[in-house]
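In each ligand, atom 1 is the first atom listed, and ligand 1 is the first ligand listed.
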Amino acid sequence: MIETVVGRFAPTPSGRMHAGNVFAALMAWLGVRSAGGRMVLRIEDLDPRAHRPEATRQLLDDLRWLGLDWDEGPYYQSKRTEVYVEALRSLKERGLTYPCFCTRAELHAATAPHASDGTVLYAGTCRGLSPDEVARKKETRAPATRLIVPGEDDPAGTIAFYDLVYGPQREVLAHSCGDFLVRRSDGIMAYQLAVVVDDALMGITQVVRGNDLLGSTARQIYLQRLLGYDQPVYAHVPLLVAPDGRRLSKRDKDLDLGEIRAHDAGPERLLGRLAATVGLAQDGEEVTASQLVSRFSWDLICTHAQNNVVFEA
Ligand code: GLU
């Protein structure tokens, strides 16, 4: 039996979508639709205080306007705490976690941010605390929870995977991040844990997202292995850069969907321009998302991703 591709949109509703988010969403959607698969929408609002319902409403409206539809959801991470707590409990019961009392300032003072995404290599400061020390520290400070990663000589801590766009990847967790957070000190689950639990419980087989998350993938695969989950296929897509090489971000107001929708009648111009950056459309061509389905292939994206994908405002 051929397995159905199940993909997802997993936006964080922290503001209006911009061209870079649209590009990643378009690739995720094309990866699913070109394979006749199923799309799940999951709103990553883990920290309800940081997200406004208005931003979520706008996001759904923007996806519909773009013609990027979904078959299941939206699911809301803010309503799924129990499943994350359950996964955390299973890790804890096996002695794989420990409480960490380090402050953000202490973490940054101890080591320089390691990866481009700001990941800090954790030195293991709280790993050896005795039960007495933990009890004493708990009187003044609520701890976060860290997952123990294998030592550098243990093969279990070397994660190798194949990315559909960036090819073979290999990471030694003890070198890249060390023991990593699975729950924050304010009780909110860490992104890494929530995303792994959700991808597994939602039956996701193909994860397509921006390459800023390439460095999170090894941690996620390690968690999948501990929790007995299947590993999805990964495809990280390039982040768009401005002609001067700067990464596009939400600060580029003119690439914000609010601006774009105020000036354009439909999404075809934006979609055409985004598609042209990876050879899916001619320069100046206007297209709908559906028109791109039969043109899409991972090989094409892979070829273009070898260079910066430039998008001019
Ligand atoms: N919610 C994350 C974001 O918007 C994406 C998470 C993921 O795709 O794994 O950046």
*Taking atom CG of Asp61 and atom CG of Leu66, what is their separation to the nearest 0.5 Å?*
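Going from CG on Asp61 over to CG on Leu66, the span is 9.5 Å.
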
*Report the distance from atom CD of Glu106 to atom SG of Cys100, rounding to the nearest 0.5 Å.*
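Between atom CD of Glu106 and atom SG of Cys100 there are 8.5 Å.
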
*Does a donor on one side chain and an acceptor on the other come within less than 3.5 Å for Tyr75 and Asp198?*
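Absent: no donor and acceptor within the cut-off.
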
*Donor-acceptor side-chain pairing of Arg104 and Ser185 below 3.5 angstrom*: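 On atom types as modelled, these side chains do not qualify, holding no pair under 3.5 Å.
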
Check each atom of ligand 1 against the heavy atoms of [X] and keep those under 4.0 Å away; list them by number with element.
X	answer
Glu44	1 (N), 2 (C), 5 (C), 6 (C)
Tyr191	6 (C), 7 (C), 9 (O)
Arg8	7 (C), 8 (O), 9 (O)
Val195	9 (O)
Arg209	7 (C), 8 (O), 9 (O)

*Arg273 vs Thr277, side-chain hydrogen bond (donor to acceptor under 3.5 Å, both in side chains): CA-CA, chis, key distance, verdict*: CA-CA 7 Å; Arg273 293 181 62 208; Thr277 62; over 6 Å; no

*Judged by non-hydrogen atoms, does Gln220 sit under 4.0 Å from ligand 1?*
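Gln220: no contact with ligand 1 (<4.0 Å).
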
*Does Leu213 approach ligand 1 within less than 4.0 angstrom via side chain, backbone, both or neither, non-hydrogen atoms only?*
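For Leu213, only side-chain atoms sit under 4.0 Å from ligand 1.
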
*Quick one: does Ala10 get an N or O within less than 3.5 Å of an N or O on ligand 1?*
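Yes, since at least one N or O of Ala10 sits under 3.5 Å from an N or O of ligand 1.
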
*When Phe9 is tested against each of Leu63, Ile43, Leu60 for side chain to side chain contact (heavy atoms under 4.5 Å, CB included), which residue passes?*
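The option that passes is Leu63.
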
